[in-house]
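Notes follow the structure.
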There are 2 protein chains.
Amino acid sequence: MKTVEDLEVKENLGMHLNYYQKEDQVLLAVDCIIFGFEKERLKILLIKRNFEPEKGKWSLIGGFLKKNEDLDQAADRVLETLTGLNDVYLEQLHTYSKIDRDPGQRTISVAYFALIDVDSHRFDGIQIDAAHWFDIKDAPDLIFDHNEMVRKAKARLRRRALTKPIGFELLPEKFTMRQLQNLYESILDKKLDKRNFINKINSLDILVKLDEKDMSVSRKGAYLYIFDKEKYEKKVQEDGFSFKI
Amino acid sequence: MKTVEDLEVKENLGMHLNYYQKEDQVLLAVDCIIFGFEKERLKILLIKRNFEPEKGKWSLIGGFLKKNEDLDQAADRVLETLTGLNDVYLEQLHTYSKIDRDPGQRTISVAYFALIDVDSHRFDGIQIDAAHWFDIKDAPDLIFDHNEMVRKAKARLRRRALTKPIGFELLPEKFTMRQLQNLYESILDKKLDKRNFINKINSLDILVKLDEKDMSVSRKGAYLYIFDKEKYEKKVQEDGFSFKI
DNA sequence: TTTTGAATGTGTAAAATGCACACTTAATAA
DNA sequence: TTATTAAGTGTGCATTTTACACATTCAAAA
(Lines give C-alpha, C1' and ligand atoms only; values in the text may rest on other atoms or scores of the structure.)
Protein backbone atom coordinates (compact mmCIF):
# COMPACT_ATOMS: atom_id res chain seq x y z
CA MET A 1 0.00 0.00 0.00
CA LYS A 2 1.21 3.44 -0.86
CA THR A 3 1.12 6.23 1.62
CA VAL A 4 0.59 9.91 1.18
CA GLU A 5 4.27 10.36 1.89
CA ASP A 6 5.29 8.89 -1.47
CA LEU A 7 6.59 11.63 -3.71
CA GLU A 8 4.57 10.56 -6.72
CA VAL A 9 1.40 10.47 -4.73
CA LYS A 10 2.12 13.82 -3.17
CA GLU A 11 2.67 15.35 -6.56
CA ASN A 12 -0.43 13.89 -8.12
CA LEU A 13 -2.63 14.91 -5.26
CA GLY A 14 -1.11 18.36 -5.12
CA MET A 15 0.02 18.06 -1.56
CA HIS A 16 2.99 20.34 -1.67
CA LEU A 17 1.77 23.51 -3.06
CA ASN A 18 5.07 25.25 -3.58
CA TYR A 19 5.79 23.04 -6.52
CA TYR A 20 2.60 24.02 -8.29
CA GLN A 21 2.02 27.47 -7.10
CA LYS A 22 3.66 29.32 -9.99
CA GLU A 23 4.11 26.74 -12.64
CA ASP A 24 0.59 25.56 -13.12
CA GLN A 25 -1.51 28.65 -12.80
CA VAL A 26 -3.95 29.22 -15.62
CA LEU A 27 -6.12 31.95 -17.06
CA LEU A 28 -9.79 31.45 -16.18
CA ALA A 29 -12.44 32.89 -18.45
CA VAL A 30 -16.20 33.18 -18.15
CA ASP A 31 -18.41 32.86 -21.23
CA CYS A 32 -22.12 33.62 -21.20
CA ILE A 33 -24.84 32.05 -23.28
CA ILE A 34 -27.50 34.75 -23.15
CA PHE A 35 -31.03 33.66 -23.99
CA GLY A 36 -33.83 36.11 -24.62
CA PHE A 37 -37.46 35.86 -25.68
CA GLU A 38 -38.60 38.50 -28.13
CA LYS A 39 -41.37 38.64 -30.68
CA GLU A 40 -42.50 35.20 -29.57
CA ARG A 41 -39.14 33.67 -30.47
CA LEU A 42 -36.24 32.37 -28.41
CA LYS A 43 -33.10 34.38 -29.15
CA ILE A 44 -29.43 34.28 -28.31
CA LEU A 45 -27.16 37.30 -27.92
CA LEU A 46 -23.83 37.11 -29.75
CA ILE A 47 -20.96 39.47 -30.36
CA LYS A 48 -18.75 40.01 -33.34
CA ARG A 49 -15.11 39.78 -32.32
CA ASN A 50 -13.04 42.75 -33.34
CA PHE A 51 -9.77 41.35 -32.10
CA GLU A 52 -7.56 38.41 -32.88
CA PRO A 53 -7.71 35.48 -32.96
CA GLU A 54 -10.82 34.85 -35.03
CA LYS A 55 -11.46 38.55 -35.57
CA GLY A 56 -14.72 39.16 -37.40
CA LYS A 57 -16.32 35.92 -36.31
CA TRP A 58 -19.27 35.60 -33.94
CA SER A 59 -18.76 34.45 -30.39
CA LEU A 60 -20.32 34.32 -26.96
CA ILE A 61 -19.62 37.21 -24.71
CA GLY A 62 -16.91 36.56 -22.18
CA GLY A 63 -14.30 37.95 -19.86
CA PHE A 64 -11.61 36.91 -17.43
CA LEU A 65 -11.99 36.12 -13.77
CA LYS A 66 -10.40 38.76 -11.58
CA LYS A 67 -8.59 38.20 -8.33
CA ASN A 68 -11.20 39.86 -6.17
CA GLU A 69 -14.35 38.12 -7.39
CA ASP A 70 -15.78 34.65 -7.68
CA LEU A 71 -17.10 33.15 -10.90
CA ASP A 72 -20.74 34.13 -10.31
CA GLN A 73 -19.65 37.71 -9.83
CA ALA A 74 -17.47 37.60 -12.93
CA ALA A 75 -20.43 36.37 -14.96
CA ASP A 76 -22.61 39.15 -13.51
CA ARG A 77 -19.99 41.72 -14.43
CA VAL A 78 -19.55 40.47 -17.97
CA LEU A 79 -23.29 40.43 -18.45
CA GLU A 80 -23.75 43.91 -17.06
CA THR A 81 -21.00 45.26 -19.25
CA LEU A 82 -22.76 43.96 -22.31
CA THR A 83 -26.41 44.57 -21.45
CA GLY A 84 -26.48 47.10 -18.65
CA LEU A 85 -28.63 44.65 -16.68
CA ASN A 86 -27.63 43.49 -13.26
CA ASP A 87 -30.48 41.45 -11.89
CA VAL A 88 -30.50 38.59 -14.31
CA TYR A 89 -30.97 34.84 -13.93
CA LEU A 90 -27.53 33.26 -14.31
CA GLU A 91 -26.61 29.65 -13.82
CA GLN A 92 -23.26 27.93 -14.13
CA LEU A 93 -23.28 25.39 -16.94
CA HIS A 94 -19.94 23.62 -17.41
CA THR A 95 -16.20 24.21 -17.45
CA TYR A 96 -14.32 23.75 -20.71
CA SER A 97 -10.64 22.96 -20.62
CA LYS A 98 -9.43 21.28 -23.83
CA ILE A 99 -5.82 22.25 -24.19
CA ASP A 100 -6.17 23.89 -27.60
CA ARG A 101 -9.68 25.24 -27.24
CA ASP A 102 -8.33 28.79 -27.62
CA PRO A 103 -5.49 28.72 -30.12
CA GLY A 104 -4.16 32.02 -28.77
CA GLN A 105 -3.22 30.71 -25.36
CA ARG A 106 -4.23 28.13 -22.78
CA THR A 107 -7.51 29.29 -21.30
CA ILE A 108 -10.05 27.41 -19.23
CA SER A 109 -13.56 28.74 -19.60
CA VAL A 110 -16.49 28.44 -17.25
CA ALA A 111 -19.73 28.76 -19.19
CA TYR A 112 -22.83 30.38 -17.70
CA PHE A 113 -26.24 30.78 -19.22
CA ALA A 114 -28.46 33.80 -18.68
CA LEU A 115 -32.18 34.36 -19.17
CA ILE A 116 -33.33 37.84 -20.14
CA ASP A 117 -36.78 39.27 -20.61
CA VAL A 118 -35.97 41.24 -23.74
CA ASP A 119 -39.32 42.95 -24.24
CA SER A 120 -39.71 44.67 -20.91
CA HIS A 121 -36.13 45.84 -20.50
CA ARG A 122 -35.75 49.02 -22.42
CA PHE A 123 -32.00 48.46 -22.24
CA ASP A 124 -31.38 50.88 -25.02
CA GLY A 125 -30.76 48.16 -27.41
CA ILE A 126 -27.52 46.66 -26.41
CA GLN A 127 -24.60 48.42 -24.81
CA ILE A 128 -22.11 47.15 -27.27
CA ASP A 129 -22.43 47.97 -30.93
CA ALA A 130 -21.05 44.69 -32.11
CA ALA A 131 -23.69 42.59 -30.34
CA HIS A 132 -26.77 41.16 -31.98
CA TRP A 133 -29.78 39.02 -31.08
CA PHE A 134 -30.13 35.94 -33.26
CA ASP A 135 -33.09 33.67 -33.52
CA ILE A 136 -31.97 30.46 -31.84
CA LYS A 137 -32.81 28.57 -35.01
CA ASP A 138 -30.49 30.53 -37.25
CA ALA A 139 -27.57 31.60 -35.12
CA PRO A 140 -24.24 31.67 -36.94
CA ASP A 141 -21.33 29.35 -36.43
CA LEU A 142 -19.24 30.41 -33.44
CA ILE A 143 -15.58 30.43 -32.56
CA PHE A 144 -13.66 27.88 -30.48
CA ASP A 145 -15.91 25.49 -28.58
CA HIS A 146 -18.74 28.03 -28.27
CA ASN A 147 -21.08 25.97 -30.46
CA GLU A 148 -20.70 23.12 -28.02
CA MET A 149 -21.44 25.47 -25.13
CA VAL A 150 -24.63 26.67 -26.80
CA ARG A 151 -25.70 23.11 -27.51
CA LYS A 152 -25.28 22.20 -23.87
CA ALA A 153 -27.00 25.38 -22.70
CA LYS A 154 -30.03 24.63 -24.88
CA ALA A 155 -30.26 21.14 -23.41
CA ARG A 156 -29.96 22.49 -19.88
CA LEU A 157 -32.56 25.18 -20.54
CA ARG A 158 -34.93 22.54 -21.87
CA ARG A 159 -34.52 20.42 -18.77
CA ARG A 160 -34.74 23.33 -16.36
CA ALA A 161 -37.82 24.76 -18.01
CA LEU A 162 -39.59 21.43 -17.52
CA THR A 163 -38.80 21.19 -13.84
CA LYS A 164 -38.35 24.72 -12.50
CA PRO A 165 -40.37 27.88 -13.08
CA ILE A 166 -37.52 29.66 -14.83
CA GLY A 167 -39.48 30.31 -18.01
CA PHE A 168 -40.92 33.38 -16.35
CA GLU A 169 -37.44 34.93 -16.32
CA LEU A 170 -37.79 35.25 -20.08
CA LEU A 171 -41.24 36.86 -20.03
CA PRO A 172 -42.49 40.27 -18.96
CA GLU A 173 -44.17 40.38 -15.56
CA LYS A 174 -47.58 40.18 -17.22
CA PHE A 175 -47.97 37.68 -20.00
CA THR A 176 -50.66 35.76 -21.85
CA MET A 177 -51.10 32.00 -21.88
CA ARG A 178 -50.30 32.04 -25.53
CA GLN A 179 -46.98 33.78 -24.88
CA LEU A 180 -46.12 31.23 -22.24
CA GLN A 181 -47.00 28.43 -24.61
CA ASN A 182 -44.96 30.00 -27.41
CA LEU A 183 -42.03 30.24 -25.03
CA TYR A 184 -42.27 26.57 -24.13
CA GLU A 185 -42.67 25.64 -27.75
CA SER A 186 -39.47 27.54 -28.59
CA ILE A 187 -37.53 26.02 -25.74
CA LEU A 188 -38.71 22.47 -26.39
CA ASP A 189 -38.68 22.97 -30.13
CA LYS A 190 -42.03 21.30 -30.63
CA LYS A 191 -45.70 22.18 -30.90
CA LEU A 192 -47.86 21.75 -27.84
CA ASP A 193 -51.61 21.28 -27.63
CA LYS A 194 -53.30 24.48 -26.48
CA ARG A 195 -55.89 22.90 -24.21
CA ASN A 196 -53.57 20.40 -22.63
CA PHE A 197 -50.98 23.11 -22.03
CA ILE A 198 -53.43 25.45 -20.32
CA ASN A 199 -54.89 22.63 -18.25
CA LYS A 200 -51.43 21.65 -17.13
CA ILE A 201 -50.40 25.17 -16.22
CA ASN A 202 -53.65 25.80 -14.37
CA SER A 203 -53.31 22.58 -12.43
CA LEU A 204 -49.98 23.85 -11.07
CA ASP A 205 -51.90 26.69 -9.46
CA ILE A 206 -49.03 29.17 -9.36
CA LEU A 207 -50.32 31.84 -11.76
CA VAL A 208 -52.71 34.68 -11.04
CA LYS A 209 -55.17 35.57 -13.78
CA LEU A 210 -55.65 39.33 -14.03
CA ASP A 211 -58.80 41.18 -15.06
CA GLU A 212 -56.66 42.85 -17.67
CA LYS A 213 -56.36 41.83 -21.29
CA ASP A 214 -53.66 42.24 -23.89
CA MET A 215 -55.64 43.63 -26.83
CA SER A 216 -52.69 44.01 -29.16
CA VAL A 217 -52.76 40.54 -30.51
CA SER A 218 -56.37 39.72 -31.35
CA ARG A 219 -59.85 41.20 -31.53
CA LYS A 220 -60.99 39.27 -28.53
CA GLY A 221 -57.91 40.03 -26.49
CA ALA A 222 -56.05 37.61 -24.24
CA TYR A 223 -56.11 37.60 -20.47
CA LEU A 224 -52.87 38.50 -18.74
CA TYR A 225 -51.32 36.39 -15.99
CA ILE A 226 -48.55 36.89 -13.49
CA PHE A 227 -46.39 34.26 -11.83
CA ASP A 228 -47.04 34.14 -8.09
CA LYS A 229 -43.52 33.43 -6.87
CA GLU A 230 -44.42 33.53 -3.20
CA LYS A 231 -47.21 31.04 -3.65
CA TYR A 232 -44.89 28.79 -5.61
CA GLU A 233 -42.20 28.88 -2.94
CA LYS A 234 -44.73 28.27 -0.20
CA LYS A 235 -46.06 25.23 -2.03
CA VAL A 236 -42.56 23.86 -2.50
CA GLN A 237 -41.72 24.27 1.16
CA GLU A 238 -44.98 23.21 2.72
CA ASP A 239 -46.34 20.55 0.39
CA GLY A 240 -43.16 19.31 -1.23
CA PHE A 241 -44.71 20.51 -4.46
CA SER A 242 -42.56 20.14 -7.52
CA PHE A 243 -43.02 22.02 -10.75
CA LYS A 244 -43.38 19.66 -13.73
CA ILE A 245 -44.51 20.37 -17.25
CA MET B 1 -24.17 53.17 -27.20
CA LYS B 2 -20.83 51.94 -26.07
CA THR B 3 -18.46 50.26 -28.42
CA VAL B 4 -15.97 47.55 -27.87
CA GLU B 5 -13.28 50.21 -28.20
CA ASP B 6 -14.12 51.73 -24.82
CA LEU B 7 -11.36 50.92 -22.37
CA GLU B 8 -13.74 49.89 -19.60
CA VAL B 9 -15.59 47.55 -21.91
CA LYS B 10 -12.36 46.12 -23.24
CA GLU B 11 -11.15 45.43 -19.75
CA ASN B 12 -14.35 43.83 -18.57
CA LEU B 13 -14.63 41.64 -21.57
CA GLY B 14 -10.97 40.70 -21.43
CA MET B 15 -10.17 41.92 -24.88
CA HIS B 16 -6.55 42.76 -24.39
CA LEU B 17 -4.94 39.77 -22.97
CA ASN B 18 -1.60 41.23 -22.08
CA TYR B 19 -3.15 43.05 -19.20
CA TYR B 20 -4.53 39.91 -17.65
CA GLN B 21 -2.06 37.33 -18.69
CA LYS B 22 0.10 37.38 -15.58
CA GLU B 23 -1.93 39.20 -13.04
CA ASP B 24 -5.08 37.16 -12.99
CA GLN B 25 -3.89 33.63 -13.34
CA VAL B 26 -5.22 31.22 -10.75
CA LEU B 27 -4.57 27.78 -9.39
CA LEU B 28 -7.12 25.27 -10.64
CA ALA B 29 -7.84 22.18 -8.57
CA VAL B 30 -9.88 19.08 -9.22
CA ASP B 31 -11.80 17.40 -6.39
CA CYS B 32 -13.47 14.00 -6.76
CA ILE B 33 -16.58 12.75 -5.05
CA ILE B 34 -16.06 8.99 -5.29
CA PHE B 35 -19.16 6.86 -4.86
CA GLY B 36 -19.01 3.13 -4.39
CA PHE B 37 -21.51 0.38 -3.68
CA GLU B 38 -20.38 -2.25 -1.22
CA LYS B 39 -22.22 -4.64 1.05
CA GLU B 40 -25.51 -3.35 -0.33
CA ARG B 41 -24.77 0.19 0.80
CA LEU B 42 -23.82 3.36 -1.04
CA LYS B 43 -20.40 4.55 0.10
CA ILE B 44 -18.14 7.52 -0.37
CA LEU B 45 -14.34 7.46 -0.38
CA LEU B 46 -12.66 10.10 1.75
CA ILE B 47 -9.12 10.86 2.77
CA LYS B 48 -7.64 12.13 5.98
CA ARG B 49 -5.48 15.17 5.33
CA ASN B 50 -1.98 14.92 6.67
CA PHE B 51 -0.94 18.41 5.70
CA GLU B 52 -1.98 21.92 6.54
CA PRO B 53 -4.37 23.60 6.44
CA GLU B 54 -7.01 21.48 8.16
CA LYS B 55 -4.54 18.65 8.83
CA GLY B 56 -6.24 15.64 10.36
CA LYS B 57 -9.67 16.43 8.95
CA TRP B 58 -11.46 14.43 6.30
CA SER B 59 -11.69 15.70 2.76
CA LEU B 60 -12.41 14.72 -0.80
CA ILE B 61 -9.48 13.59 -2.84
CA GLY B 62 -8.06 16.25 -5.11
CA GLY B 63 -5.14 17.54 -7.08
CA PHE B 64 -4.08 20.41 -9.29
CA LEU B 65 -4.57 20.76 -13.01
CA LYS B 66 -1.30 20.48 -14.90
CA LYS B 67 -0.30 22.41 -17.98
CA ASN B 68 -0.40 19.44 -20.33
CA GLU B 69 -3.80 17.98 -19.50
CA ASP B 70 -7.44 18.99 -19.51
CA LEU B 71 -9.74 18.71 -16.53
CA ASP B 72 -11.13 15.29 -17.41
CA GLN B 73 -7.60 13.96 -17.62
CA ALA B 74 -6.67 15.59 -14.32
CA ALA B 75 -9.65 13.93 -12.66
CA ASP B 76 -8.65 10.58 -14.16
CA ARG B 77 -5.12 11.00 -12.87
CA VAL B 78 -6.19 11.96 -9.38
CA LEU B 79 -8.56 9.02 -9.25
CA GLU B 80 -5.96 6.57 -10.50
CA THR B 81 -3.44 7.80 -7.98
CA LEU B 82 -5.85 7.07 -5.19
CA THR B 83 -7.50 3.87 -6.36
CA GLY B 84 -5.27 2.38 -9.03
CA LEU B 85 -8.32 2.30 -11.32
CA ASN B 86 -8.27 3.97 -14.69
CA ASP B 87 -11.48 3.03 -16.41
CA VAL B 88 -13.98 4.68 -14.15
CA TYR B 89 -17.16 6.63 -14.78
CA LEU B 90 -16.34 10.28 -14.15
CA GLU B 91 -18.57 13.27 -14.72
CA GLN B 92 -17.91 16.94 -14.19
CA LEU B 93 -20.18 18.39 -11.54
CA HIS B 94 -19.60 22.07 -10.82
CA THR B 95 -16.85 24.64 -10.37
CA TYR B 96 -16.38 26.24 -6.97
CA SER B 97 -14.75 29.62 -6.70
CA LYS B 98 -15.66 31.45 -3.50
CA ILE B 99 -12.72 33.68 -2.73
CA ASP B 100 -12.00 32.23 0.70
CA ARG B 101 -13.02 28.66 0.07
CA ASP B 102 -9.47 27.51 0.74
CA PRO B 103 -8.02 29.67 3.50
CA GLY B 104 -4.49 28.72 2.47
CA GLN B 105 -4.61 30.45 -0.89
CA ARG B 106 -6.99 31.36 -3.68
CA THR B 107 -7.93 28.15 -5.43
CA ILE B 108 -10.74 27.41 -7.83
CA SER B 109 -11.89 23.82 -7.73
CA VAL B 110 -13.68 21.81 -10.38
CA ALA B 111 -15.63 18.98 -8.76
CA TYR B 112 -16.07 15.60 -10.46
CA PHE B 113 -17.99 12.61 -9.27
CA ALA B 114 -16.93 9.03 -9.87
CA LEU B 115 -18.80 5.72 -9.73
CA ILE B 116 -16.88 2.64 -8.68
CA ASP B 117 -17.90 -0.97 -8.46
CA VAL B 118 -16.17 -1.69 -5.18
CA ASP B 119 -16.92 -5.38 -4.89
CA SER B 120 -15.48 -6.63 -8.15
CA HIS B 121 -12.35 -4.51 -8.17
CA ARG B 122 -9.81 -6.25 -6.03
CA PHE B 123 -7.92 -2.98 -5.96
CA ASP B 124 -5.81 -4.08 -3.08
CA GLY B 125 -7.82 -2.11 -0.71
CA ILE B 126 -7.01 1.44 -1.44
CA GLN B 127 -3.72 2.77 -2.66
CA ILE B 128 -3.46 5.39 -0.02
CA ASP B 129 -3.36 4.45 3.63
CA ALA B 130 -5.24 7.50 4.78
CA ALA B 131 -8.32 6.80 2.64
CA HIS B 132 -11.50 5.20 3.91
CA TRP B 133 -14.93 4.21 2.59
CA PHE B 134 -17.79 5.76 4.56
CA ASP B 135 -21.42 4.81 4.40
CA ILE B 136 -23.07 7.74 2.66
CA LYS B 137 -25.39 8.12 5.63
CA ASP B 138 -22.68 8.63 8.20
CA ALA B 139 -19.83 10.35 6.41
CA PRO B 140 -17.93 12.84 8.58
CA ASP B 141 -17.91 16.56 8.24
CA LEU B 142 -15.50 17.71 5.52
CA ILE B 143 -13.15 20.62 5.03
CA PHE B 144 -13.76 23.77 3.00
CA ASP B 145 -16.82 23.56 0.77
CA HIS B 146 -16.52 19.81 0.31
CA ASN B 147 -19.79 19.13 2.14
CA GLU B 148 -21.56 21.29 -0.41
CA MET B 149 -19.85 19.39 -3.24
CA VAL B 150 -21.03 16.08 -1.83
CA ARG B 151 -24.57 17.41 -1.42
CA LYS B 152 -24.63 18.45 -5.04
CA ALA B 153 -23.07 15.19 -6.20
CA LYS B 154 -25.73 13.18 -4.39
CA ALA B 155 -28.45 15.19 -6.07
CA ARG B 156 -26.83 14.76 -9.46
CA LEU B 157 -26.38 11.04 -8.93
CA ARG B 158 -30.04 10.73 -7.98
CA ARG B 159 -31.14 12.48 -11.15
CA ARG B 160 -28.71 10.62 -13.40
CA ALA B 161 -29.65 7.23 -11.98
CA LEU B 162 -33.30 7.91 -12.85
CA THR B 163 -32.61 8.82 -16.46
CA LYS B 164 -29.43 7.06 -17.52
CA PRO B 165 -28.24 3.49 -16.93
CA ILE B 166 -25.29 4.59 -14.81
CA GLY B 167 -26.31 2.52 -11.81
CA PHE B 168 -24.59 -0.44 -13.42
CA GLU B 169 -21.26 1.36 -13.02
CA LEU B 170 -21.61 0.73 -9.30
CA LEU B 171 -22.45 -2.97 -9.59
CA PRO B 172 -20.40 -6.02 -10.59
CA GLU B 173 -20.99 -7.28 -14.11
CA LYS B 174 -23.39 -9.91 -12.80
CA PHE B 175 -25.88 -8.78 -10.20
CA THR B 176 -29.22 -9.78 -8.75
CA MET B 177 -32.43 -7.82 -8.98
CA ARG B 178 -32.30 -7.36 -5.26
CA GLN B 179 -28.85 -5.80 -5.50
CA LEU B 180 -30.06 -3.45 -8.20
CA GLN B 181 -33.04 -2.51 -6.09
CA ASN B 182 -30.86 -1.97 -3.02
CA LEU B 183 -28.64 0.27 -5.09
CA TYR B 184 -31.56 2.38 -6.22
CA GLU B 185 -32.94 2.51 -2.71
CA SER B 186 -29.59 3.81 -1.47
CA ILE B 187 -29.30 6.38 -4.19
CA LEU B 188 -32.87 7.62 -3.90
CA ASP B 189 -32.86 7.18 -0.13
CA LYS B 190 -36.28 5.55 -0.05
CA LYS B 191 -37.85 2.12 -0.08
CA LEU B 192 -39.18 0.78 -3.37
CA ASP B 193 -41.80 -1.88 -3.95
CA LYS B 194 -40.18 -5.13 -5.05
CA ARG B 195 -42.73 -6.16 -7.64
CA ASN B 196 -43.15 -2.73 -9.16
CA PHE B 197 -39.39 -2.30 -9.36
CA ILE B 198 -38.86 -5.60 -11.13
CA ASN B 199 -41.73 -4.98 -13.51
CA LYS B 200 -40.30 -1.59 -14.35
CA ILE B 201 -36.80 -2.89 -14.94
CA ASN B 202 -38.07 -5.77 -17.05
CA SER B 203 -40.20 -3.45 -19.15
CA LEU B 204 -37.05 -1.54 -20.09
CA ASP B 205 -35.82 -4.74 -21.70
CA ILE B 206 -32.11 -4.01 -21.37
CA LEU B 207 -31.05 -6.76 -18.95
CA VAL B 208 -30.20 -10.35 -19.71
CA LYS B 209 -31.28 -12.93 -17.18
CA LEU B 210 -28.65 -15.63 -16.76
CA ASP B 211 -29.22 -19.29 -15.89
CA GLU B 212 -26.85 -18.73 -13.03
CA LYS B 213 -27.82 -17.99 -9.45
CA ASP B 214 -26.11 -16.20 -6.63
CA MET B 215 -26.44 -18.72 -3.80
CA SER B 216 -24.55 -16.68 -1.23
CA VAL B 217 -27.46 -14.60 -0.11
CA SER B 218 -30.37 -16.98 0.43
CA ARG B 219 -31.27 -20.65 0.45
CA LYS B 220 -33.30 -20.30 -2.67
CA GLY B 221 -30.67 -18.32 -4.50
CA ALA B 222 -31.24 -15.29 -6.71
CA TYR B 223 -30.93 -15.19 -10.47
CA LEU B 224 -28.08 -13.12 -11.86
CA TYR B 225 -28.53 -10.50 -14.57
CA ILE B 226 -26.19 -8.52 -16.76
CA PHE B 227 -26.76 -5.14 -18.36
CA ASP B 228 -26.84 -5.44 -22.14
CA LYS B 229 -25.14 -2.20 -23.08
CA GLU B 230 -25.23 -2.83 -26.81
CA LYS B 231 -28.93 -3.52 -26.77
CA TYR B 232 -29.50 -0.37 -24.74
CA GLU B 233 -27.49 1.78 -27.14
CA LYS B 234 -29.23 0.27 -30.13
CA LYS B 235 -32.63 1.01 -28.63
CA VAL B 236 -31.62 4.60 -27.93
CA GLN B 237 -30.39 5.12 -31.47
CA GLU B 238 -33.07 3.28 -33.38
CA ASP B 239 -36.23 3.77 -31.36
CA GLY B 240 -35.45 6.98 -29.53
CA PHE B 241 -35.78 4.91 -26.39
CA SER B 242 -35.06 6.73 -23.17
CA PHE B 243 -34.22 5.09 -19.87
CA LYS B 244 -36.60 6.16 -17.10
CA ILE B 245 -37.11 4.71 -13.67
C1' DT C 1 -36.92 -37.40 8.07
C1' DT C 2 -39.50 -33.46 9.03
C1' DT C 3 -39.91 -28.81 10.26
C1' DT C 4 -38.56 -24.12 10.19
C1' DG C 5 -36.75 -19.91 8.54
C1' DA C 6 -35.30 -16.59 5.27
C1' DA C 7 -35.24 -14.62 1.04
C1' DT C 8 -36.91 -15.13 -3.89
C1' DG C 9 -40.37 -14.63 -7.36
C1' DT C 10 -44.70 -13.63 -9.37
C1' DG C 11 -49.92 -10.76 -11.25
C1' DT C 12 -53.97 -7.97 -10.96
C1' DA C 13 -57.02 -4.24 -10.12
C1' DA C 14 -57.74 0.64 -9.07
C1' DA C 15 -56.17 5.30 -9.56
C1' DA C 16 -53.78 8.88 -11.71
C1' DT C 17 -51.90 10.88 -15.52
C1' DG C 18 -51.20 11.83 -20.38
C1' DC C 19 -53.10 12.72 -24.80
C1' DA C 20 -56.12 13.54 -28.72
C1' DC C 21 -59.58 16.26 -30.28
C1' DA C 22 -63.61 20.70 -32.20
C1' DC C 23 -66.73 24.14 -31.28
C1' DT C 24 -68.20 28.66 -29.12
C1' DT C 25 -67.05 33.40 -27.71
C1' DA C 26 -65.50 38.10 -27.80
C1' DA C 27 -64.29 42.21 -30.07
C1' DT C 28 -63.29 44.91 -33.98
C1' DA C 29 -63.41 46.30 -38.83
C1' DA C 30 -65.73 46.35 -43.00
C1' DT D 1 -75.12 43.64 -39.59
C1' DT D 2 -71.76 40.64 -40.87
C1' DA D 3 -67.24 38.79 -41.36
C1' DT D 4 -62.90 37.91 -39.34
C1' DT D 5 -59.51 36.36 -36.09
C1' DA D 6 -57.50 34.48 -32.19
C1' DA D 7 -59.05 33.15 -27.43
C1' DG D 8 -61.08 30.04 -24.46
C1' DT D 9 -63.06 25.79 -22.90
C1' DG D 10 -64.13 19.81 -21.44
C1' DT D 11 -64.42 14.85 -22.28
C1' DG D 12 -63.24 10.18 -23.22
C1' DC D 13 -59.64 6.85 -24.16
C1' DA D 14 -55.06 4.95 -23.46
C1' DT D 15 -51.19 4.50 -20.78
C1' DT D 16 -48.69 4.53 -16.63
C1' DT D 17 -48.28 4.22 -11.85
C1' DT D 18 -49.29 2.36 -7.58
C1' DA D 19 -50.93 -0.71 -3.97
C1' DC D 20 -50.94 -5.10 -2.44
C1' DA D 21 -50.12 -11.04 -0.61
C1' DC D 22 -48.93 -15.58 -1.14
C1' DA D 23 -46.35 -19.67 -2.92
C1' DT D 24 -41.57 -21.43 -3.69
C1' DT D 25 -36.98 -22.97 -2.74
C1' DC D 26 -33.42 -25.02 -0.03
C1' DA D 27 -30.37 -25.43 3.93
C1' DA D 28 -30.05 -26.04 8.60
C1' DA D 29 -31.99 -27.39 12.84
C1' DA D 30 -34.80 -30.37 15.38
Side-chain angles (χ1 to χ4, degrees), chain A residues 39-41 158-159 161-163 171-172 174-186 188-226 235 239-245, chain B residues 39-41 158-159 161-163 171-172 174-186 188-226 235 239-245:
Chain A
K39 308 234 181 67
E40 313 297 294
R41 309 281 302 176
R158 211 168 299 138
R159 223 183 41 218
L162 290 172
T163 55
L171 292 173
K174 301 176 183 180
F175 52 86
T176 66
M177 276 290 181
R178 177 45 61 102
Q179 277 180 293
L180 186 61
Q181 183 177 342
N182 281 336
L183 172 62
Y184 271 87
E185 289 181 343
S186 305
L188 303 176
D189 194 21
K190 68 174 177 189
K191 286 280 164 211
L192 301 174
D193 178 84
K194 178 168 52 157
R195 274 177 292 189
N196 290 340
F197 182 79
I198 290 175
N199 287 340
K200 172 73 76 129
I201 297 292
N202 281 334
S203 75
L204 296 175
D205 189 30
I206 52 174
L207 297 192
V208 177
K209 183 178 189 171
L210 304 178
D211 281 333
E212 204 175 332
K213 280 186 166 185
D214 174 359
M215 300 305 295
S216 72
V217 72
S218 79
R219 304 273 146 77
K220 187 176 179 180
Y223 281 104
L224 289 166
Y225 292 78
I226 54 176
K235 287 183 69 148
D239 316 338
F241 167 76
S242 89
F243 183 96
K244 275 265 141 61
I245 290 203
Chain B
K39 307 235 178 67
E40 313 298 294
R41 310 280 303 176
R158 211 169 298 139
R159 223 182 43 217
L162 290 172
T163 56
L171 293 172
K174 301 176 182 182
F175 51 87
T176 66
M177 275 290 179
R178 177 46 59 104
Q179 277 180 292
L180 186 62
Q181 183 177 343
N182 281 336
L183 171 62
Y184 271 87
E185 288 182 343
S186 304
L188 303 176
D189 195 22
K190 67 173 178 190
K191 285 282 165 210
L192 301 174
D193 178 86
K194 180 169 46 158
R195 273 176 295 188
N196 291 340
F197 182 78
I198 291 174
N199 287 339
K200 172 72 78 131
I201 296 292
N202 282 333
S203 76
L204 296 175
D205 189 31
I206 52 175
L207 296 192
V208 177
K209 184 179 188 171
L210 304 178
D211 280 334
E212 205 177 330
K213 280 185 165 187
D214 175 0
M215 299 306 295
S216 71
V217 71
S218 80
R219 311 250 189 269
K220 189 177 179 182
Y223 281 104
L224 289 166
Y225 292 77
I226 55 175
K235 286 182 72 149
D239 316 339
F241 167 76
S242 91
F243 183 96
K244 273 267 139 61
I245 292 200

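All chains are named by letter (A, B, ...) in the order of the sequence lines, taking the proteins before the strands, and each is independently numbered beginning at 1.
With a 6.0 Å cutoff to the six-membered ring centre and a 45° limit on the axis angle, B/K209 does not count as a cation-pi contact of B/Y225.
The side-chain heavy atoms of B/I245 and B/L188, taken from C-beta on, include no pair separated by under 4.5 Å. Looking at B/K200 and B/D193, their side chains never come closer than 4.5 Å, going by heavy atoms from C-beta outward. The shortest side-chain heavy-atom distance between A/L210 and A/K174 falls under the 4.5 Å cut-off.
A/F197 has its CZ atom 16 Å from the C1' atom of D/dT9, to the nearest Å. Atoms CG (A/L180) and C1' (D/dA7) sit 15 Å apart, rounded to a whole Å. Between the C1' atom of D/dA19 and the CG atom of B/L192 lies a distance of 14 Å, rounded to the nearest Å. Atom-to-atom, OH of B/Y223 to C1' of C/dT10 comes out at 13 Å; the value is rounded to the nearest Å. The CD-C1' distance, from A/Q181 to D/dT9, rounds to 14 Å in whole Å. Atom-to-atom, NZ of B/K191 to P of D/dT18 comes out at 17 Å; the value is rounded to the nearest Å. When the C1' atom of C/dT17 is taken as reference, atom CD1 of A/I245 falls 15 Å away, rounded to whole Å. The nearest whole Å value for the distance from the CG atom in B/D214 to the C1' atom in D/dT25 is 15 Å.
Each of A/I198 and A/V217 lies near DNA chain D, and the nucleotide nearest A/V217 is the one positioned closer to the 5' end.
How far CZ of B/R158 is from CG of B/D189: 7.0 Å, rounded to the nearest 0.5 Å. The distance from atom CD of B/E185 to atom CG of B/N182, rounded to the nearest 0.5 Å, is 5.5 Å.
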Quiz item: Which parts of nucleotides 20-30 of chain C does protein reach within less than 4.0 Å, heavy atoms only, written one letter per nucleotide 5' to 3' as B for base, S for sugar-phosphate only and - for none?
Solution: BBB--BBBB--

